[in-house]
Amino acid sequence: MLTRIQRQMRRNPTLVVLVTLALWWSAACMTVYTARASSFVGNSDVSLDLESEHEFFDEREKQRHREKITRREKYRSVKAHESKYSMDIPKLYLDTRKGEENEPVIETKKTETKDKKSFEKNIKDLRDFRASKDTKRRRKRWHTSKERREHKQKSKPEDHKRFEIEPPLRTHNASAQTPFPSSNLTPLRTLVTIVCGTNQRPDDYQRNIFARQLNQTKAMLKSLVYFSTFTSFRIILVTDTVDTYDKVLQQIEDWPVSYRSRLHFERAGLWSPSSNDDPQLLERWRPCSWSKLFLLESLPSLDAAVYVDTDILFLAPAEGLWDVLDLMEAPQALALGPDPLYDRHKHRRYAGSVGLSAGMMVMNFTLLRAFKGKQGNFTQTILHYKNTYANYHDQDTLNTFLADHPELLRELGARWNFSPSQCLAGVLPCCIDTGVAVIHGFDATFVRGIEMVFQVIYEHLLELNLNGGSASALLKSLEEQLIQVDRLGLESTCKKVFGIQDILLKHIRDLAKLEEKGE
């Protein structure tokens, strides 16, 4: 028997190696096992009570289960974080007003001083109106103490922070038209945007095409008046030439008067640093993108405003942005939304929690003019940061500046500046209950085909019919197109985020429900 085994092993040298390794492995395991057993026997301090070990691990499992955060607690924590940076969005109202189609676009040429005097007169008239109303109420005599108690329970303190008459409820009945609120009683909200031509060569992604700026400006203004609640806006267009200003006005000539009459246009010229400093600054990165940092020089008499890029779209009433000005406490002068791309690129210095986007800014010009730094005023300090850190983008310069001066900043929630970079984490960062109020299609996102969820919304609002187009039809068309984006596998990062349609279309869906109820 042994002889036959030896013959087989001579014929198969590999088998000899495997058998030898197996024997050595078995011997090593036996040695280790024997050594461990002898150490347990010799050491009286080591407990072999397996039952107590099981009790210990069971207790740890129970403790871990008690410390586990429930889904409801996670939801509450997200809401608490969102409420820390976000502002309330005004309620939606249906617009059933009509007007003549050929009424010209309103263009105001009043100075800031006249507007201020008119505003003070309007406030005085409104106070006199309220005082007379209070006097009539005091003259009314109550016969019983019961009526006085009921009146106290029903009455609520008036809000004196904003001198504005509440808008009447809109009715769906076309025969009962809702009158325009008088512009004498409601102060205009100032919005600033920059539009200018370019000498840059157009690229394949339409970044430097002037027609794209005109279309984006048209879509932005259309979304502004479509979702707002009976509010009139003072639109200041900062342009390079008067011809550019006229072309923007031509974009809205065919709008119904009920929408056009709420936009009061003014023009301001671009301001750029001296030729010795940086003569090509306005052409760097994007045409006139650096001009937003020099609005103090372009608008020397303006007190406060909301600045937006042309690639901004409103999906909810925009009045909440002007409420931010009332809540900003000195020395806070700028309110900006987040840009998570900075948090992903740690080599870029940024301000705020994850970085800030300069596409939408709530600006207190008075406090910015009062700023004094080591390099001088606000404009001189911005130029110092541009030259010192060699930032190619205007947004990088602003982030670097606010990182050193955080006292000037008030950070807004993501729903006031929702960009495709918010979808990179794969989960909703905000807006679960409130919905998105502003979307930002930076870097020509609305036209390049790289984020089709945003591009579909932009194309629908650009072609939206203000003369009779219903919110229900808009909602239905958007839902169908967004489903096609997913089915056809079109390029999009946000389509992978669960619930993205709900937060983007929430206010359009609410508007459609108001139409069904006839409110």
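These numbers come from the heavy atoms of this one structure, side chains and all, not from hydrogens, waters or symmetry mates. Everything quoted here is computed from the prediction, not taken from an experiment.
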query = Are Asp311 and Arg212 close enough for a salt bridge, meaning some N to O gap below 4.0 Å?
reply = no

query = Within a strict 4.5 Å, meaning less than it, do heavy atoms of the Phe227 and Ile508 side chains meet?
reply = yes

request  = Would you give the length of the straight line joining atom CD1 of Ile235 to atom CG of Leu191, rounded to the nearest 0.5 angstrom?
outcome  = 4.5 Å

inquiry  = Return the CZ to OG distance between Phe442 and Ser289, rounded to the nearest 0.5 Å.
reply    = 14.5 Å

Side-chain touch Ile457/Leu504, heavy atoms, less than 4.5 angstrom = yes

query = Taking the side chain from Ser223 and the backbone from Met220, do they hold a donor-acceptor pair closer than 3.5 Å?
reply = yes

key: Residues forming a ring pair (Phe, Tyr, Trp, His ring centres under 6.0 Å) with Phe378, sequence neighbours excluded   = Phe401

request  = Identify the two heavy atoms, one from Ala333 and one from Leu368, that lie closest to each other, and give their separation to 0.1 Å.
outcome  = CB-CD2, 3.6 Å

ask   = Is there a donor-acceptor contact under 3.5 Å from the side chain of Ser228 to the main chain of Leu224?
value = yes

List the atom pairs, donor and acceptor, that lie under 3.5 Å between side-chain atoms in residues 356-364 and the rest of the protein, sequence neighbours left out.
| unit_1 | atom_1 | unit_2 | atom_2 | d |
| --- | --- | --- | --- | --- |
| Ser357 | OG | Gly359 | N | 3.3 |
| Ser357 | OG | Asn417 | ND2 | 3.3 |
| Ser357 | OG | His440 | ND1 | 3.4 |
| Asn364 | OD1 | Thr366 | N | 3.2 |
| Asn364 | OD1 | Leu367 | N | 3.2 |

key: Point-to-point distance, once rounded to the nearest 0.5 Å, from OG1 of Thr241 to CG of Asp246   = 8.5 Å

task = Please report the C-alpha distance between Trp271 and Leu295 in whole Å, then the side-chain angles of each, then the deciding distance to 0.1 Å, and finally whether the side chain to side chain contact (heavy atoms under 4.5 Å, CB included) criterion is met.
result = CA-CA 8 Å; Trp271 184 90; Leu295 290 177; over 6 Å; no

request  = Examine the side chains of Gln213 and Thr310 and answer whether a donor and an acceptor come within less than 3.5 Å of each other.
outcome  = no

request  = Run through Leu482, Val497, Val453 and flag the one making a side-chain contact (heavy atoms from CB on, under 4.5 Å) with Ser492.
outcome  = Val453

Sidechain N-carboxylate O distance under 4.0 Å for Arg189, Glu319 = no

task = Heavy atoms only: give me the nearest His264-Leu188 pair and the separation to one decimal.
result = CD2-CD2, 3.9 Å

remark   = side-chain hydrogen bond (donor to acceptor under 3.5 Å, both in side chains) with Glu479: of Arg509, Gln501, Gln484, only one passes, and it is Arg509

ask   = Under 3.5 Å, side chain of Arg234 to main-chain N/O of Phe265, donor-acceptor pair present?
value = no

request  = State, without any angle test, whether Thr239 and Arg267 hold a side-chain donor-acceptor pair at a distance under 3.5 Å.
outcome  = yes

query = Going from OG1 on Thr434 to CD1 on Ile503, what distance comes out if it is rounded to the nearest 0.5 angstrom?
reply = 8.5 Å

inquiry  = Main chain of Ala351, side chain of Asn399: is a donor-acceptor contact present, judged purely on distance under 3.5 Å?
reply    = yes

inquiry  = Using the side-chain hydrogen bond (donor to acceptor under 3.5 Å, both in side chains) criterion, which residues pair with Thr493? Sequence neighbours excluded.
reply    = none

Check: Ser472/Glu516 side-chain N/O donor and acceptor closer than 3.5 Å = no

key: Minimum heavy-atom distance between Trp416 and Ile89, given as atom pair plus value   = CZ2-CG1, 3.8 Å

ask   = Which pair of non-hydrogen atoms, one from Val354 and one from Glu411, has the smallest distance, and what is that distance?
value = N-OE2, 4.5 Å

message = Centroid separation under 6.0 Å, is that true for the rings of Phe233 and Trp322?
response = yes

query = Can you name the one residue among Val192, Ile194, Thr193 that meets side-chain contact (heavy atoms from CB on, under 4.5 Å) with Leu237?
reply = Thr193

ask   = Restricting to pairs with a member in residues 480-496, which pass salt bridge (Lys or Arg N to Asp or Glu O under 4.0 Å), not counting sequence neighbours?
value = none

task = Compare all side-chain heavy atoms of Gln251 with those of Thr217 and state whether any distance is below 4.5 angstrom.
result = no

key: Nearest non-hydrogen partners of Ala304 and Thr190, listed with the distance   = O-CB, 4.0 Å

request  = Taking atom types as modelled, find out whether Asp343 and Tyr350 have a side-chain donor-acceptor pair closer than 3.5 angstrom.
outcome  = yes

task = Using a 4.5 Å cut-off on heavy atoms from C-beta on, say whether the side chain of Val447 contacts that of Asn215.
result = no

inquiry  = Taking the side chain as everything from C-beta on, heavy atoms only, tell me whether Val438 gets closer than 4.5 Å to Phe418.
reply    = no

query = Under 3.5 Å, is there a donor-acceptor pair between the side chain of Arg448 and the main chain of Asp443?
reply = yes

request  = Output the distance between atom CG (Leu327) and atom CZ (Arg410), rounded to the nearest 0.5 Å.
outcome  = 5.5 Å

remark   = For Ser298, the side-chain hydrogen bond (donor to acceptor under 3.5 Å, both in side chains) test, sequence neighbours excluded, returns none

ask   = Are any of the side-chain heavy atoms of Ile439 and Ser419 separated by less than 4.5 Å?
value = no

note = When rounded to the nearest 0.5 Å, the distance separating CG of Leu474 from CG of Leu461 is 6.0 Å

query = Taking atom types as modelled, is there a side-chain donor on Thr445 or Gln455 under 3.5 Å from an acceptor on the other?
reply = no

inquiry  = Is there a side chain to side chain contact (heavy atoms under 4.5 Å, CB included) between Asn377 and Arg369? Walk through the geometry before answering.
reply    = CA-CA 7 Å; Asn377 58 23; Arg369 292 189 185 96; over 6 Å; no

ask   = Among all residues two or more places apart in sequence or in another chain, which pass the salt bridge (Lys or Arg N to Asp or Glu O under 4.0 Å) test with Lys247?
value = Asp243

request  = Applying side chain to side chain contact (heavy atoms under 4.5 Å, CB included), run through Phe371 and His405 and close with a yes or a no.
outcome  = CA-CA 10 Å; Phe371 171 82; His405 301 86; 3.7 Å; yes

request  = Side-chain contact test, heavy atoms from C-beta onward, threshold under 4.5 Å: evaluate it for Phe446 versus Glu459 and give yes or no.
outcome  = no

message = If I compare all heavy atoms of Val456 with all of Gln481, which pair ends up nearest, and what's the gap?
response = CG1-CB, 3.6 Å

ask   = Is it true that the side chains of Thr397 and Thr400 contain a donor and an acceptor less than 3.5 Å apart?
value = no

key: Distance-only side-chain donor-acceptor flag, Gln395 / Tyr342, under 3.5 Å   = yes

N-O pairing of Asp309 and Lys292 below 4.0 Å = yes

task = Compare all side-chain heavy atoms of Phe294 with those of Ile382 and state whether any distance is below 4.5 angstrom.
result = yes

Step-by-step side chain to side chain contact (heavy atoms under 4.5 Å, CB included) determination, Lys222 to Leu466 = CA-CA 8 Å; Lys222 186 180 291 188; Leu466 294 177; 3.8 Å; yes

